[in-house]
*Asks:* 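The structure's right below; bear with me while I get my questions together.
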Amino acid sequence: MHTEPPRFALIDGNTFYVSCERVFDPTLRGKPTVVLGNGDGCCIALSPEAKALGLKIGTPIFQVPKDIRDRVQVRSANFALYGDLSGRIVTILRGLFPRVEVYSIDENFVDVVGLKDPFATCLEARERILKWVGIPCCAGLGSTRTLAKAGNKLAKDQSKRAVNAGRLAVFHATPQNIDALAVEDVWGVGRRFAARLNAEGVKTAADLAALPLDHVRARYGVVLARTATELRGIACGDLELEEPDRKQLVVSRTFGRDVVDPMDALATFTTVACEKLRKRGLAAGALWVWLDGNPFKGDPFHASRAVPFPFPTQDTAEVLRAVRFLAKSIQDQANRGSGVQAYKRGGVGLTDLVQAQARQADLFFGPDEKAERTMAVLDKINAKWGRGTVGVGTVGWRVGGARPGERRRGSRDAQWRPELKALSPAYTTRWSDLLRVR
DNA sequence: TCTGGGGTCCTAGGACCC
DNA sequence: TCTGGGGTCCTAGGACCC
């Protein structure tokens, strides 16, 4: 076991989505608050007060007893807002630390090597983020990223319910002080591994670190062996400063109700997927499309189709043609029996992604340059005037830019778009939603 | 005739993350 | 009535090739 000075810190926002909602709606502070996922379905974020009422992440809100539901504040997920606040936090961290790895929407790893007092700098980061963005954070320090993660969790535990968390919001984890951390709370240990580890008497992070590495390797694989090694203070990975290129890109949704004609939904997913693709400078070598029945009504229907493109493409129109073809094939198969199949979920996946610049044209196939220039213009217009201002084909467009949950009356997309009843304004990313100060 | 053995690619499933 | 979405990596087994 080594006790090294900290090399990394993990800084993250406490119950991030809830905290974001509270920045612009202070009436939520101190009240049990939940943020719901797509279609106002499941709880995806809970304030501590909501957790205290017994609510759990992932629970469908309609299953929560009414007397409890009446006591919680509910918001629909507002990812435009969360993403924007997340970016502001990253900017603050870049001003304090030499290297920052954006790990997720609410977590950042930073490099603390060479800082005079890493603990104090983490406290400073916490202060600035609280004051300038309004989000309370915790920080974990460690000589490996896994230990920094562990420290973050321990900081959360020890600062819970403290009115002014202060120094308690930062914790330096070492191989010697992680016995209070349950093994299921270790980064890299999920439900399955936790159950198996518990069964062999491994209850804490310290127990896992003490397990012989070849045993971990043989029973659980190389990934968990790395985790165990990192808990001992031996780093197996550094910060990842460059986001690696995506290998696949998926857009899928549960529909607001069962729909018989899923094409409008799939066309919308295709449009969004291709926009993301071009934004990243990638092209898709293959496509897959899938449709599901409603498992909650006992319909296990699932079918998918895939097709490669002759040449990796960025062209929404080309992808859309292929999506229509595959969807029709699924529907034909589904309707061959008795009755008409209805769908509750569907998705579009782009795979075999490559850098668009690096595509090799051959004698027979190359990029459709005219189509791709058209797409570039389309992206520019949508960037300026809002997503969905212009598009390809018959997708349900909306002038001025649509937000999730906004329906066009009488349009076909009203069939599948879930209605969001409690979406907060896009305070920071939409001029018309700016807060007014009287 | 020799029916072995090693390499590679693909896919499906399982595990994890947020 | 209402049931989240988007990723990665590893491994085992089969197909295929030489």
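Because only heavy atoms are used, hydrogens play no part in the values below, and waters and symmetry mates are left out as well, while side chains stay in. Order of the sequence lines fixes the chain letters, A, B, ..., with proteins taken first and strands second; residue numbering starts at 1 for each chain.
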*Asks:* Describe the nucleic acid contact of A:N294 in one word from base, sugar-phosphate, nothing, applying a heavy-atom distance below 4.0 Å.
*Replies:* nothing
*Asks:* Nearest whole Å is fine: how far is C:dG6 C1' from A:I44 CD1?
*Replies:* 12 Å
*Asks:* B:dC18, B:dC16, C:dC2: which one has an atom nearest the side-chain heavy atoms of A:R192?
*Replies:* B:dC16
*Asks:* With sugar-phosphate meaning primed atoms plus P, OP1 and OP2, does A:Y220 contact a base, only sugar-phosphate, or nothing at under 4.0 Å between heavy atoms?
*Replies:* nothing
*Asks:* Identify the two heavy atoms, one from A:A77 and one from A:I44, that lie closest to each other, and give their separation to 0.1 Å.
*Replies:* CB-CD1, 4.1 Å
*Asks:* Judged by atom type as modelled, is there a donor-acceptor pair below 3.5 Å linking the side chain of A:S47 to the main-chain atoms of A:T33?
*Replies:* yes
*Asks:* Taking side chain to side chain contact (heavy atoms under 4.5 Å, CB included) as the test, write out the residues that go with A:A139, two or more places apart.
*Replies:* A:I11, A:C122, A:V170
*Asks:* A:D261 versus A:V259: any side-chain heavy-atom pair under 4.5 Å?
*Replies:* no
*Asks:* Please report, rounded to the nearest Å, how far the P atom of C:dC9 is from the CG atom of A:L224.
*Replies:* 17 Å
*Asks:* Using a 4.0 Å cut-off on heavy atoms, which residues in residues 239-248 of chain A reach DNA chain C? List them by number, or say none.
*Replies:* A:R246, A:K247, A:Q248
*Asks:* Considering only side-chain heavy atoms of A:C42, which listed nucleotide, C:dT11, C:dG4, C:dC2, is closest?
*Replies:* C:dG4
*Asks:* Using whole Å, what does the distance between atom C1' of nucleotide C:dG4 and atom CG of A:L46 come to?
*Replies:* 13 Å
*Asks:* Considering only C:dG5, C:dC10, B:dC17, which nucleotide approaches the side chain of A:N38 most closely?
*Replies:* C:dG5
*Asks:* For A:Y17, report the nucleic acid contact type (base, sugar-phosphate, nothing); a contact means any heavy atom under 4.0 Å.
*Replies:* nothing
*Asks:* Below 6.0 angstrom between ring centroids: does that apply to A:Y103 and A:F109?
*Replies:* yes
*Asks:* Measuring only the C1' atom in each nucleotide, how far is C:dC16 from B:dT3? A whole number of Å is fine.
*Replies:* 16 Å
*Asks:* Round to the nearest Å and state the distance from A:R226 atom CZ to B:dA15 atom P.
*Replies:* 17 Å
*Asks:* Hey, mind stepping through A:D84 and A:T429 against side chain to side chain donor-acceptor pair (under 3.5 Å) and telling me if it holds?
*Replies:* CA-CA 7 Å; A:D84 184 69; A:T429 53; over 6 Å; no
*Asks:* Which nucleotide, B:dC18, C:dG5, C:dG7, lies nearest any side-chain atom of A:R345?
*Replies:* C:dG5
*Asks:* Measure from the side-chain heavy atoms of A:Y103 and tell me the nearest of B:dC17, C:dC2, C:dG7.
*Replies:* B:dC17
*Asks:* Checking contacts here: which listed nucleotide (C:dT3, B:dC18, C:dC10) is nearest the side-chain heavy atoms of A:V223?
*Replies:* C:dC10
*Asks:* Can you tell me which residue among A:L239, A:D12, A:V102, A:L10 is in a side chain to side chain contact (heavy atoms under 4.5 Å, CB included) with A:N108?
*Replies:* A:V102
*Asks:* Quick one: on DNA chain C, does A:F62 or A:R217 contact a more 5' nucleotide (nearest heavy atom)?
*Replies:* A:F62
*Asks:* Within the structure shown, what part of the strands sits under 4.0 Å from A:V186 by heavy-atom distance: base, sugar-phosphate, or nothing?
*Replies:* sugar-phosphate
*Asks:* Among C:dG5, C:dC2, C:dG7, which nucleotide sits nearest the side chain of A:L249?
*Replies:* C:dG7
*Asks:* For DNA chain C, which ranges pair as stems of 3 or more consecutive Watson-Crick or G-U pairs, with both donor-acceptor distances under 3.5 Å?
*Replies:* B:5-18 with C:5-18
*Asks:* For A:K203, does the NZ atom have more than 12 heavy-atom neighbours from other residues, nucleotides or ligands under 6.0 Å away?
*Replies:* yes
*Asks:* Which heavy atom in A:R29 sits nearest to a heavy atom in A:R22, and how many Å separate them?
*Replies:* NH2-O, 3.1 Å
